[in-house]
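Please read the structure below before turning to the comments.
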Amino acid sequence: MKYLIANWKMNSVNLDLWEQKFVDFINSHKDFPQPSEVKLIVCLNLYDYFVFSKKINTSKNPIFKNISLYAQDVSQHEEGAFTGQISSKFLANIGLKGSIVGHSELRENGDSETNVYKKGLKLKEEKLSNIFCIGEDLETLKSLNKKSFLLNQLKAFCKNGLEPDLLAYEPIWAIGTGIEADSENISSAVSIILNFLHKNKINCPVLYGGSVSTSNIDEIISIPGLDGCLVGNSSLDGEQFAIIASKIKS
Ligand code: PEP
């Protein structure tokens, strides 16, 4: 099984157009991978969730119907005076399947390793899945500290029975910049991550995120050990997302 995750962030997506372009592409490509071959996930804001989940539930297209919907963040707290935050209980009650935790855009805004860990625990309490994001910044890469940086992030999350359900390696310098990481850099990160997971008897798919597009997906997805991608900008258009999905097969 391979995975393709869309992260719409706080962008305005025309949901009707997205669905139409996505479904049109599928209908004209009979060899589009089946839900048993590629799991498609869209991480979206709650307003879009209410509209998009209705579309998915009422769709006659079996591939569109199988898209899973996740949040982009979750509170580390149970409930109370936490203005603007959304609890894992609330996500579960409205039907979301899980959430991203540890996205670099949230880490940059103050999410520490401890917060990310607590968010993972909160999702687990509600039996929701986590998409755990890790990745180094340019300075860390240049100072050759990538390995210890990634291992620290992994160790801070994988403890006391908490494990990633899906893990995305997202080098910060490649997110939203149009500069995708080169294959060598992705391969070395994947092997650091897989070694850690193997040693700790954790079995979870490892994805890459950072400026994935229709033009570099073939090269990226052929990197050994990768189980899929997490896509920001290129996921905002239903056709581009479908083209990327069509190239990700087991
Ligand atoms: C992301 O938001 O995690 C991401 C990878 O974005 P982009 O594809 O735009 O770099």
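Counting convention: from 1, in listed order, for ligands and their atoms alike. Quick note: residue numbers are just sequence positions, from 1. What you see below is based on every heavy atom in this structure, not just the backbone, and it leaves out hydrogens, waters and symmetry mates.
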* **Lys122 bridged to Glu125 by N-O distance under 4.0 Å** => yes

* Asked: Between Ile175 and ligand 1, is there a nitrogen or oxygen pair with a distance under 3.5 Å?
  -> no

* To do: Measure the shortest side-chain to side-chain distance between Ile5 and Val231 over non-hydrogen atoms and say whether it is less than 4.5 angstrom.
  => no

* **Basic-acidic side-chain contact under 4.0 Å: Glu113, Lys155** => no

* Carboxylate-amine/guanidinium contact Lys89 Glu126, below 4.0 Å -> no

* Asked: Does Tyr117 have Lys159 sitting over its ring (NZ/CZ under 6.0 Å from centre, angle to axis within 45°)?
  -> yes

* To do: Output the list of atoms in ligand 1 that are nearer than 4.0 Å to some heavy atom of Ser211, sorted by atom number.
  => 7 (P), 8 (O), 10 (O)

* Kindly check if the number of other-residue, nucleotide or ligand heavy atoms within 6.0 Å of CZ (Phe90) is above 12? => no

* Where ligand 1 meets Gly209 - atom numbers and elements under 4.0 angstrom, heavy-atom basis -> 5 (C)

* Please could you name the atoms of ligand 1 that Ala174 approaches to less than 4.0 Å, counting only its heavy atoms? => 10 (O)

* Has Gly210 got any heavy atom lying under 4.0 angstrom from an atom of ligand 1? -> yes

* Asked: Nearest protein heavy atom to atom 9 (O) of ligand 1, by residue and atom, and its distance?
  -> Asn233 N, 2.9 Å

* is_close_aromatic(Phe64, Phe52), centroid dist under 6.0 Å -> yes

* To do: May I ask you to identify the nearest protein heavy atom to atom 5 (C) of ligand 1, giving residue, atom name and distance to one decimal place in Å?
  => Glu170 OE2, 3.1 Å

* **Distance-only N or O hit between ligand 1 and Thr177, under 3.5 Å** => no

* Could you see which bit of Cys133 sits under 4.0 Å from ligand 1, with heavy atoms only: side chain, backbone, both or neither? => neither

* Pick from Ala6, Gly176, Gly232, Ala168: the one approaching atom 10 (O) of ligand 1 most closely through a non-hydrogen atom -> Gly176

* Structure fact -> Which of Leu150, Leu207, Leu226 passes side-chain contact (heavy atoms from CB on, under 4.5 Å) with Tyr169? Answer is Leu150

* **His103 N/O to ligand 1 N/O under 3.5 Å** => yes

